[in-house]
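As structure tokens, the structure follows; a few thoughts come after it.
First the proteins, then the strands, lettered A, B, ... as listed; each starts at 1. Just so we're clear, the structure is a prediction, and the values are computed from it rather than from any experiment. Note that these values count all heavy atoms, side chains included, but never hydrogens, waters or copies made by symmetry.
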Amino acid sequence: ASDIFDLAGMTFNINSPKQLGNVLFEELKLPKSKTNASGGYSTSVDVLEKLKMYPIVDKILYYRTVSKLYSTYAQGLLSAISSDGRIHSKFKQTVTATGRISSTDPNLQNIPIRTEIGRKIRKAFIPEEGFTIVSGDYSQIELRILAHIAQDKNMIKAFLDNEDIHTSTAAKVFSIPLQEVTKEQRYAAKAVNFGIIYGISDYSLSQDINVSVKNAGKYIKDYLEHYSGVKEYMERIVKTAIENGYVKTIYGRRRYLPELSSPKHSVREFGKRVALNAPIQGSAADIMKIAMIKVYNELKTKKLKSRLILQVHDELVIETSIDEIEEVKSILLHNMRDSFELSVPLEIDLSQQNSLLKG
DNA sequence: GCATGATGCTT
DNA sequence: ATCGAGCATCATGCG
């Protein structure tokens with residue numbers, strides 16, 4: 001912080017977006033761009049990232065990362081530790097609009113993993129003596145569900161051939177062989193795959209991967225040309241959503257969409273994106289809940305010492321007795337994999353380690 | 001003490 | 001203006 005104050009030539013509250021905006025864009029006269037909803041200068045990461053060449057901005061970004069991890073996790077989680085030395089989160093079953101479960105007091109579904117400091121926090125979650133951590137992750141469950149619901153021939157084939165879906169997508173969109181896909185191309189394809197699930201726009205994709213809106217639009221166009229089943233699904237789901245007023249998951253669970261009859265264009269557009277996303281995210285949630293119940297029951301029926309301690313949307317974490325590792329892996333594998341039969345296989349990544357940090 | 005906005009963490 | 005679903009922290013303003 002003192003470095004930042006030196007570079008600014010004054011002291012101020014770095015945690016205050018208002019004060020920070022004034023220092024950067026008024027006092028130091030850095031090039032300003034976006035404003036936030038309250039009419040102030042935005043100081044969000046994507047704005048600061050573009051000003052990284054200024055030493056003070058670079059230091060602020062680092063300060064942000066560290067202070068977030070410290071206040072929310074390092075310090076925040078300390079106060080959540082119970083007398084038994086463990087943290088007991090509350091899992092809510094009736095909160096989300098899509099059918100996912102949520103976690104509060106504290107939220108254990110957003111423990112850091114992205115940054116190096118974040119991984120150190122994850123590493124602090126350890127099993128009790130004689131136990132280890134075994135996890136099962138659904139691989140690309142949402143895209144597999146999309147392939148299934150849309151019955152898209154090319155996407156189904158990619159999964160049946162067990163291809164890396166992002167690399168495969170890049171190869172097709174850029175019309176090149178799999179082997180020639182660069183990191184950047186895979187990254188762009190991944191962003192499109194991700195965006196498609198949420199109902200993408202060329203603008204939002206361009207923001208995501210830092211290309212022009214025009215180029216982003218071309219990526220999407222090329223994508224939908226290759227995955228024509230997805231294109232047809234997008235059109236069909238919006239149409240039926242408008243007709244019925246709701247969409248449903250593979251288990252028939254409904255989400256009503258009053259947004260679709262809003263007088264406001266932006267709200268209706270939001271409704272369309274939700275119509276596209278809800279069946280996908282909601283079906284993934286259905287599948288996970290079925291698997292979760294089966295895993296829990298099997299652990300119980302077999303009177304194993306291992307216990308289910310965490311669910312993070314596409315991942316189940318089991319604090320596993322060291323003499324039960326192989327059995328627990330098998331329980332996770334078959335119950336998660338066979339939870340629902342899609343047109344493509346459900347792949348499960350299993351891992352075992354001595355903390356919440358994989359690898 | 002409570003609500004809201006800005007920000008950032010996860011999948 | 002413009003990507004789905006959440007929750008926590010901090011600053012700030014209101015009472």
Please report, rounded to the nearest Å, how far the [atom2] atom of [N] is from the [atom1] atom of [X].
X      : N      : atom1 : atom2 : result
A/F194 : B/dT10 : CZ    : C1'   : 10 Å
A/I220 : C/dT2  : CD1   : P     : 16 Å
A/Q207 : C/dA1  : CD    : P     : 12 Å
A/L48  : B/dT7  : CG    : P     : 9 Å
A/I196 : C/dG4  : CD1   : C1'   : 13 Å
A/Q281 : C/dG4  : CD    : P     : 11 Å
A/I113 : B/dC9  : CD1   : P     : 13 Å
A/I111 : C/dG6  : CD1   : P     : 19 Å

Does the distance from a Lys or Arg side-chain N to an Asp or Glu carboxylate O, for [X] and [Y], drop under 4.0 Å?
X      : Y      : answer
A/E128 : A/R307 : yes
A/E298 : A/K294 : no
A/D58  : A/K52  : no
A/K305 : A/E324 : yes
A/K221 : A/D202 : no

What residues from [range] pass a heavy-atom cutoff of under 4.0 Å to DNA chain C?
range                       : answer
residues 9-31 of chain A    : A/N13, A/N15, A/S16, A/K18, A/Q19
residues 90-103 of chain A  : A/V95, A/T96, A/A97, A/T98, A/R100, A/S102, A/S103
residues 260-279 of chain A : A/F270, A/R273, A/V274, A/N277
residues 345-359 of chain A : none

Item checked: Inter-nucleotide P distance (B/dA3, C/dG4), Å rounded -> 25 Å

Next item on the list: Mark yes or no: A/R253 above the aromatic ring of A/Y246, with NZ or CZ under 6.0 Å from the six-membered ring centre and no more than 45 degrees from the axis.
Entry: no

With clusters defined by side-chain heavy atoms of hydrophobic residues (ILVMFWY) lying less than 4.5 Å apart, directly or transitively, does [Y] cluster with [X]?
X      : Y      : value
A/L257 : A/Y251 : yes
A/L24  : A/I4   : yes
A/V211 : A/Y187 : yes

Item checked: Sidechain-backbone polar pair: A/K289 side chain, A/I101 backbone, donor-acceptor under 3.5 Å -> no

Checklist line | Side-chain donor/acceptor of A/T240 to backbone N/O of A/I237, under 3.5 Å | finding: yes

Selected nucleotide, minimal atom distance to [X] side chain, candidates [options]:
X      : options              : answer
A/S42  : C/dA8, B/dT10, B/dT7 : B/dT7
A/R114 : B/dC9, B/dT11, C/dC7 : B/dC9
A/T72  : C/dA8, B/dT10, B/dT7 : C/dA8

Check: Quick one: salt bridge (charged side-chain N to carboxylate O under 4.0 Å, His left out) pairs with a partner in residues 160-179 of chain A, sequence neighbours left out?
Finding: A/K157-A/D161, A/D164-A/R186

Margin query: Categorize A/S67 for me: base, sugar-phosphate, or nothing, with a 4.0 angstrom heavy-atom threshold over every strand shown.
Written below: nothing

Next item on the list: Check whether any side-chain nitrogen or oxygen of A/R64 sits under 4.0 Å from OP1 or OP2 of B/dG8, and answer yes or no.
Entry: yes

Item checked: Phosphate-side-chain proximity, A/T43 and B/dT7, N/O vs OP1/OP2 below 4.0 Å -> yes

Checklist line | Sequence-distant partners of A/P263, side-chain contact (heavy atoms from CB on, under 4.5 Å), two or more places apart | finding: none

Checklist line | Identified side-chain contact (heavy atoms from CB on, under 4.5 Å) partner of A/I318 from the options A/L310, A/I133, A/I309, A/L299 | finding: A/L299

Item checked: Side-chain donor/acceptor of A/Q109 to base of C/dG6, under 3.5 Å -> no

Next item on the list: Tell me whether the centres of the aromatic rings in A/Y219 and A/Y223 are closer together than 6.0 Å.
Entry: no

